[in-house]
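Data first, discussion second: the structure below is written as structure tokens.
Throughout, a chain's letter reflects where its sequence line sits, starting with A, and its residues are numbered from 1.
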There are 2 protein chains.
Amino acid sequence: MKTAEKANRATYTIAEAARRTGYDAETLRYYEREGLLRGIGRKSTRRVYTEENLMAIGLVTCLKKTGMPLKAIKEYVSLTARGDKTIAKRLELMRRHSKEVARQLEEVTRFKDRIDFKVWYYETAMREGSAAIADMASALSRYRRETGREVSF
Amino acid sequence: MKTAEKANRATYTIAEAARRTGYDAETLRYYEREGLLRGIGRKSTRRVYTEENLMAIGLVTCLKKTGMPLKAIKEYVSLTARGDKTIAKRLELMRRHSKEVARQLEEVTRFKDRIDFKVWYYETAMREGSAAIADMASALSRYRRETGREVSF
DNA sequence: ATACCACTTTGAGTTAGCTCAAAGTCAATA
DNA sequence: TATTGACTTTGAGCTAACTCAAAGTGGTAT
């Protein structure tokens with residue numbers, strides 16, 4: 001498929017890649033130095049980013065935003081570079097990470113409940129004066145009654 | 001209520017407070033120095049932690065784990081110390097933070113979908129060989145068909 | 001009473017993840 | 001052809017959030 005191939009041959013300077021990915025150009029160079037990005041081509045000395053490179057950057061973003069340290073991302077990337085024989089390891093790694101992210105989502109959800117209780121608490125204090133809900137235990141049970149929501153401490 | 005009061009008078013050394021909160025004793029001292037914790041008492045020169053202090057530490061944990069920088073937590077804590085006249089500001093702050101956490105939860109959920117696609121991809125590559133699903137576009141539509149899940153890039 | 005060890009303070013060091021500076025190179029535009 | 005300005009490299013600097021070291025103090029177990 002000549003056209004499909006050609007359609008994918010769009011390339012970008014580091015400034016364009018930076019704009020498209022939301023990173024600073026310095027950060028893209030840094031990621032490459034650190035081994036988080038591989039196979040970035042050059043035109044003379046300058047970096048040339050392909051669509052595939054941008055996808056790879058997107059995956060780095062995904063892993064980073066879900067809390068994976070750059071060091072671990074680097075290990076994953078180097079597994080990828082070692083080809084098909086590392087697929088089992090990559091599967092293992094992604095499964096572990098998925099579980100970790102699930103754990104994290106649950107935790108943050110619980111913490112958000114607590115923050116939303118605080119919001120309710122301050123709203124009520126604004127309306128009724130802070131003396132009216134000074135007792136935490138009864139504030140909590142009133143919150144459950146009025147909002148139907150749970151909070152755990 | 002003498003009994004209830006007494007039940008709440010349990011106190012802890014920094015080592016006990018550290019164990020109970022999951023922090024290092026050094027970190028608790030650091031948080032106090034930085035203004036994230038106030039009103040920690042002393043017995044002679046040593047820190048004495050009350051149940052209320054532990055609750056305050058729990059709130060710090062909640063804000064920190066939901067991505068609030070220590071600097072912002074410190075501002076919140078200093079609002080609290082300024083009493084009832086800062087309730088409107090605290091409400092504002094908590095509302096903003098709750099929204100930010102909601103945004104974050106959505107984002108991480110989307111990223112998790114992408115990670116779970118990777119898991120499926122590697123599982124399939126293990127079963128069928130990586131050549132069988134090398135084409136991303138068809139891998140994606142097959143994923144949707146087989147799992148009923150969506151992925152966005 | 002004495003030894004021990006967790007505690008205190010001040011101040012320096014560490015790690016992750018960028019971010020900037022300086023000096024030089026190359027491609028596009030006037 | 002000269003200028004502009006985005007690019008290159010190496011290497012230093014920065015911020016957040018701890019973490020440790022050194023020297024000294026005080027509460028508790030033997």
Side-chain angles (χ1 to χ4, degrees), chain A residues 11-50 53-54 56-78 97 100 104 111, chain B residues 10-50 53-54 56-78 97 100 104 108 111:
Chain A
T11 61
Y12 309 93
T13 66
I14 196 169
E16 285 161 348
R19 198 180 37 73
R20 279 175 172 258
T21 59
Y23 289 103
D24 186 303
E26 288 296 348
T27 307
L28 290 178
R29 291 193 198 98
Y30 171 69
Y31 282 0
E32 195 178 340
R33 269 202 303 288
E34 293 300 304
L36 275 72
L37 301 174
R38 283 170 181 250
I40 310 291
R42 304 290 149 122
K43 184 186 177 189
S44 172
T45 65
R46 294 179 187 204
R47 288 169 178 81
V48 174
Y49 294 81
T50 65
N53 293 150
L54 296 193
I57 296 170
L59 183 58
V60 166
T61 305
C62 170
L63 297 174
K64 195 171 66 87
K65 289 261 193 180
T66 50
M68 189 181 284
L70 300 196
K71 201 175 178 178
I73 299 174
K74 175 186 181 160
E75 275 162 36
Y76 168 74
V77 169
S78 90
H97 189 54
E100 172 54 28
Q104 196 193 122
F111 282 135
Chain B
T11 61
Y12 309 94
T13 65
I14 195 168
E16 286 162 348
R19 199 182 37 73
R20 279 173 174 259
T21 58
Y23 290 103
D24 187 304
E26 288 295 348
T27 306
L28 290 179
R29 291 192 198 100
Y30 169 69
Y31 282 0
E32 194 179 339
R33 267 201 305 286
E34 293 301 305
L36 275 72
L37 301 175
R38 285 171 180 249
I40 310 292
R42 304 288 149 123
K43 183 183 176 189
S44 170
T45 65
R46 295 180 184 200
R47 289 169 178 80
V48 175
Y49 294 81
T50 64
N53 293 150
L54 296 192
I57 296 171
L59 183 58
V60 167
T61 304
C62 169
L63 297 174
K64 195 169 67 83
K65 288 261 193 180
T66 49
M68 189 182 283
L70 300 196
K71 201 176 178 177
I73 299 174
K74 174 185 180 159
E75 277 162 35
Y76 169 74
V77 169
S78 88
H97 189 56
E100 172 53 28
Q104 198 193 122
V108 172
F111 282 135

Over how many whole Å does the gap from B/E16 atom CD to D/dT28 atom C1' extend? 14 Å
Are side-chain heavy atoms of A/R46 and A/T13 found at a separation under 4.5 Å? no
In this structure, how many angstroms lie between the C1' atom of D/dA6 and the OH atom of A/Y49, rounded? 13 Å
Looking only at side-chain N and O atoms, does B/R46 come under 4.0 Å of OP1 or OP2 in D/dG26? no
Would you compute the distance between atom CG of A/N53 and atom CD1 of A/I40 and round it to the nearest 0.5 angstrom? 3.5 Å
Outermost contacting nts on DNA chain C, any atom under 4.0 Å from chain B heavy atoms, listed 5' then 3', are C/dA6 to C/dT9
Residues in residues 18-32 of chain A with a heavy atom under 4.0 Å of DNA chain C, by number, are A/E26, A/T27, A/Y30, A/Y31
Which residue pairs pass the salt bridge (charged side-chain N to carboxylate O under 4.0 Å, His left out) test with at least one member in residues 58-76 of chain A, sequence neighbours excluded? A/K65-B/E107
Should A/Y49 and A/L28 count as side-chain neighbours, where that means a heavy-atom distance under 4.5 Å? yes
Contact check, side chains of A/V77 and A/L37, non-hydrogen atoms, under 4.5 Å: no
What is the distance, to the nearest angstrom, from the CD1 atom on B/I14 to the P atom on D/dT25? 19 Å
Can you list, by residue number, the residues of residues 36-43 of chain A that have a non-hydrogen atom closer than 4.0 angstrom to DNA chain C? none
Distance from A/I73 atom CD1 to A/S78 atom OG, nearest 0.5 Å? 12.5 Å
May I ask you to test the A/Y23-A/T61 pair for a side-chain heavy-atom distance under 4.5 Å? yes
Could you give all pairs that pass the salt bridge (charged side-chain N to carboxylate O under 4.0 Å, His left out) test and reach residues 32-42 of chain B, with sequence neighbours left out? B/E32-B/R42, B/E32-B/R47
Closest approach of A/A25 to A/A18 (non-hydrogen atoms, all atoms of both residues): N-CB, 3.8 Å
After noting the C-alpha distance and the side-chain angles of A/L59 and A/Y76, does the key distance pass the side chain to side chain contact (heavy atoms under 4.5 Å, CB included) rule? CA-CA 11 Å; A/L59 183 58; A/Y76 168 74; 3.6 Å; yes
Nucleotide N/O of nucleotides 12-15 of chain D paired with protein N/O under 3.5 Å:
none

Within the structure, does a side-chain N or O atom of B/S44 lie under 4.0 Å from either OP1 or OP2 of D/dT25? no
A side-chain contact here means heavy atoms from C-beta on lying under 4.5 Å apart; do B/L70 and B/Y30 qualify? yes
